[in-house]
Amino acid sequence: MAQPPPPSRTASVGPPNVGGMGAPPASTPGGPGQNSQQNLNQIVLEYLNKKGYNRTEAMLRKESLNVDPNGIPVIGKVADSGGKKWSPSFRLVKNWIEHGLDIYKAELVRLEWPVFVYAFLECVCECFYDEAQAFFNEYKGDFEEERGQELQQLARISLPEHVQENKLAKTYREHQYAVALSSMANATLVEFLEARERDGGSVISTILQNHIKIVPMNRATTARGLQKLMEEKEVENKRGVMWQGEGIPGHYPGSANTDPNASSALSKLALAAMPMDPDLMEDVRADLGQEDSLHPPAPGQNSLVDQFEQNIKQEPQDDAAPNRDAIPFPPSTARDVAMEVQKVRENRDRFRIEGRTGGVGPGLSVTMFTFHNTFDSVNCIEFSGDHTLAAIGTAESYIRVWSLDNRALASPHDPPGFQASSSRRLIGHSGPVYGLSFSPSAAVPEPATNGYTTGASSPDSQPRYMLSCSADSTIRLWSLDTWTNLVVYRSHNSPVWDVRFSPQGHYFVSCSADRTARLWSTPQIAPLRLFVGHDSDVETIAWHPNGAYIFTGSGVGDKTLRVWSVTRGEQVRIFTGHTGNITAVACAPNGHVVASADDKGEIMLWDLRTGQRTKTLKGHGRGGIWSLDWSVESSVLVSGGADKTVRVWDVQPNKETQAKANGESGGGAKIDGSSVGGGGGGAVSKTGGKTKGPVVSPDQISCFQTKKSPVYKVRFTQMNLVMAGGAYLELA
Amino acid sequence: MSVWNPENVTDVAESIGIASLNRDVVEHLARDVEYRMSQVLNEALKFMRHAKRTTLTTQDISQALRLLDVEPLYGYESTRPLRFGEASIGPGQPLFYVEDEEVDFEKLINAPLPKVPREMSFTAHWLAVEGVQPSIPQNPLTDPRSAELAAKGSGANNTLAAISGNDNVSVKPLVKHVLSKELQLYFSRISTAILDRTNDDYRSAAFASLRTDTGLHQLIPYFVQFVADKVTHNLKSIFVLTQSMQLIAALLENQSLYLAPYIPGVVPSVLTCLIGKHLGTPAVDGPTTHFALRDYASSLLSKIARQYGPTSSTLKPRIARSCLKHFLDSHKPFGTHYGALLGLTTIAGSQGVRALILPNLKAYDAHLQEGMKDEGKKEQAEFVVSAVLKALESLLEDAMGGAAANGHPKGEAVRERLVEVLGEVVGGRVLEGGRQELIAAVLERDLVV
């Protein structure tokens, strides 16, 4: 590739020898120099011998052994070989780990990645550019699968300045990477490194000491003990199992406590539903009573009042409810009462999905809304809570709202004689719109009669506001009565990726590329809380149903899901384990489980109380799961993504299905051929792994493909119908 | 390995007049440039991801540059991926450049405006109904690949897999609809009763039951099918057609039934009775009996449109379109034209009459005159004229009024203008009717337009 430079250029560069000054002297004195050197040694030795300087002679003999015939000193220790030391050292440890005992392998293999990163960065910092590149390219293949995106960011780092500047490199250099090792594994590792000190062991020891925090793990007592690690290793990939505390934050699994001396006990969360305002409750009860007398419940149905009482009382005792005074809300209005009434009614009339019965998942109905002629300019789709409106945010900076029932969207500001159509354009942002959120609303269920419905929901429960966020780093509040912009919230200083109204309204949160999430209330233009702690962009955000916690998921370099208390403004849980950018988060309506999805096609379920991962759901193709939602009973999760599918997942904790699987494979009759061989979930992923297609976990209940439309949004209605939205791609 | 050669840096340096650059500096710069480019790309990928796209666009790059506090590159904005041309500057040294189309300015100005891009819109369909993906055009065909997509584990739902046809077991993907014995009996009784010519009480009892019974929901598809069946096969029997229409009317009246999903199945039958070519046997029923059936069908249609028009945005336009088509087809008999006129009048109202019927009357006049001359068809033509007049009546609803005060021309002038608008036959009739308001309303067309 590198052509000999044309003569004119060398002439213009300047003195032609300047560049070559370093190299030639090393090679030119080859022949004569060699001889003279040897002769010189000989002469000196003879001289010393003659003079009887025995000790000096012995010393010279000893020292000249370390010099090769050319007179260049022979390097004994790998550690002294400058930029070349990293590759052999790393290879040494890598080989040892991979050919070592299997019981330690699962743990030790996790060390490879941080050692690799720190070695590479160290190498760059020491200005061995070419060696750094060679080192990187030699070993990157091993991490491609799990750390592809990080590799992408690190690949081009080639100068010490880049290390100082690159966000990911900085994160690594400024923090210690935590890895859990059992004491036995740790001891053998240290022993090995000491024994092979000269071969590069010392190089690795230095990295371990300076950059890696080894958290002692007690195999016997921890839930994720050796047995479990070994078992899961089969299921997961050959890169071992990621310990939940592994990574940069250095927290205890689940908790957000990064203090090494703190106890591993988790802080208690108030996960129960927010108690209702007593006044509001009174009003709602009165209204429900009235409704009951007007429309007496059908036989077999609860009366609305009974349903309401049931809903209020169903809180389990082991959950504390957040304090109502801690999160102030404006006094309730007639609209709030109407919405509560609707919620109770929908809750009673819904299609029930009460977990799995007899191994058969519920059959869900999905309505797909496909947007045409979008030219791939749609960034996000959002449905209002009463299912009358759909909104899209576009790359062309505007928002478009449609009425789903073809109703004209009129505004009092319309000029007389203006024919309002069923869609509106909201213009105001100066950058692509990335997130939309409707203020809470509830649908009025249509009475199931002979089509004598007006189709319009009562004005009481319609959404009245919408929030949008954009790359222009602003958030805007829009009125859906006048279809105008009401407020611009400025505080973020980077593109705002997502914005969400609180389930109770009034408050909202936003997250941005400036690595913060912020809490706002609609009447105030400054944020109330800043949630700082993520080491990279906060990509997505979600509320806990009681409005006291928020969930933030972040991208490459951090890849954590964090839980923050709204009242205290601090982290209460950190979950690590995702290998891609987190693209969607959703909390179950029961408040105990949160689901997060990444762009590698994995969905993970986390138990908030114990801080543990309960399940990993695989099946989606690469390219991002854009949306997640839970059924009303928290029994089923639905997801939609770039692989043009809507998938339905069973979320019961794994143990039950595992047990069932084992039981059934004993019988062996009901399972189809592919999974009979190995029995249980492990076999499925194995067979899936061999074929090219993605591995599908057995927890997938169903998968619905769309026609060339990536699914941007899925949403469960209060009646357990699924609404999905996507844009049809003609070009694809 | 490196994408960005040090030679490139030297070239750039020369181009801005820096003649001598230290070798170390050049290499350092090359590394830095490469790092910066990857930084921009990484940021751009972020924007691509948040736009939920899988192709990187030039806008993403601009956004990334903005985020990194660099002035974006202007002039490359495009919604489509850029096309690159390739040129060779030496063996194995391809050079890529953005292909720029050469535009002739003169041509560009004189060319007709490009088509407006189609409006963004949305459609809704069922992706799945109770766990089964219906095989409708909006859903992808079930290909063998989908078998892989489905979960294979023991936890997977084998029943669902079987229903959607992904299972190897030869289970027919039929969803069985189980009808109770009682309902089956009820259905057969009702269907024989309403077609019983001999017993009036029997018939009316059946209709009364259909109008009031609450538990008939399961039977609706069967009744709809029954009607469609009877209508297609008994076009010659006015009696059967009438009974079928009455059956639909009875179902529509039943408050406890939810008919909305079945309306698309009902409308064709009703339309057939409204604008069918030959309904009944003229020899038996008399030449004009079918007009009564058409009247009935039109009233039924208007009822359907009133009830379900708001929930289905395409219902009314669809009906109006097929009526108009039949009205404008002069090869169809007068009966069809009569029905189409009635349909249009009831569906589209006065505005529809003004927009759809009135402009066509002049052209239709020729056909009408022909019919008037032919003794065999005269009677039928009269019916059509009456339908036209009825349609014109509806114009009164939104007439401006006060026409007389406006000083319309009188006498012969009025006649001329009426004929101008309505044609010889109808214009004459309107004039004979002598109703000032009606004439005014008809002529108002000129004022409005």
Side-chain angles (χ1 to χ4, degrees), chain A residues 12-14 19 133 152-153 156-159 162 360-361 363-376 379 395 402 406 432 434 448-451 455 471 494 497 623-624 626 642 646 650 657 661 664 671-672 674-675 681 684 693 696 698-705 707 712 724, chain B residues 1 10 19-21 23 28 31-32 34-35 38 42 46 49-54 59 63 67 79 117-133 138-140 146 148-160 254-260 307-308 310-311 313:
Chain A
S12 70
V13 168
Q133 280 307 318
Q152 237 174 46
Q153 295 211 349
R156 298 286 163 216
I157 292 182
S158 48
L159 297 175
H162 299 161
V360 176
L364 285 183
S365 300
V366 184
T367 323
M368 176 84 192
F369 292 87
T370 314
F371 290 81
H372 300 270
N373 310 322
T374 59
F375 304 105
D376 217 353
N379 287 352
W402 274 277
N406 226 357
Y434 290 117
T449 53
N450 189 12
S494 290
W497 294 135
W626 303 131
V646 173
D650 174 30
T657 49
E664 277 186 25
I671 324 167
D672 56 312
S674 63
S675 69
V684 175
V696 180
D699 305 306
Q700 178 178 308
I701 295 171
S702 30
C703 163
F704 307 116
Q705 273 185 300
K707 220 176 186 179
Y712 291 176
Chain B
M1 167 61 214
T10 326
S20 57
L21 261 187
R23 182 91 195 144
H28 199 90
R31 286 177 207 283
D32 198 54
E34 203 171 318
Y35 169 70
S38 88
N42 272 318
K46 220 185 285 177
R49 197 167 62 237
H50 280 279
K52 300 187 173 61
R53 267 183 281 110
T54 43
Q59 276 101 328
Q63 291 285 348
L67 185 64
T79 49
R118 297 182 65 185
E119 175 81 339
M120 209 187 287
S121 62
F122 73 90
T123 55
H125 72 270
W126 288 105
L127 188 65
V129 177
E130 310 216 329
V132 183
Q133 198 159 13
Q138 287 92 332
N139 285 331
S146 63
E148 284 171 30
L149 290 170
K152 292 188 192 101
S154 52
N157 188 338
N158 289 327
T159 326
L160 288 186
N254 193 329
Q255 296 284 344
S256 63
L257 298 182
Y258 182 60
L259 271 186
Q307 265 180 31
Y308 300 102
T311 50
S313 52

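The figures here come from the full heavy-atom set of this structure, side chains too, leaving out hydrogens, waters and symmetry mates. Computed from a predicted model, the values in this text were never measured in an experiment. We name chains A, B, ... by the order of the sequence lines, and we start the count at 1 in each one.
Looking at N42(B), the atoms closer than 4.5 Å to chain A (heavy atoms on both sides) all sit in the side chain, from C-beta outward. Using a 4.5 Å cut-off between heavy atoms, E119(B) contacts chain A through both its backbone and its side chain.
Here the shortest heavy-atom pairing between L364(A) and A128(B) reads O-CB, 3.9 Å. Counting all heavy atoms, side chain and backbone alike, H125(B) lies closest to N139(B) at NE2-OD1, 3.2 Å. The two residues H162(A) and R31(B) make their nearest non-hydrogen contact at CE1-O, 3.7 Å.
Across T367(A), N406(A), L159(A), D376(A), the residue that shares the most heavy-atom pairs under 4.5 angstrom with chain B is L159(A). The greatest number of non-hydrogen atom pairs below 4.5 Å with chain A, out of H50(B), R118(B), Q138(B), is found for H50(B). Annotation: maximal heavy-atom pairing with chain A below 4.5 Å, among A124(B), A51(B), S38(B), occurs at A51(B).
Atom CG of residue N379(A) and atom NZ of residue K52(B) lie 7.0 Å apart, to the nearest 0.5 angstrom. How far CH2 of W626(A) is from CZ of R49(B): 7.5 Å, rounded to the nearest 0.5 Å.
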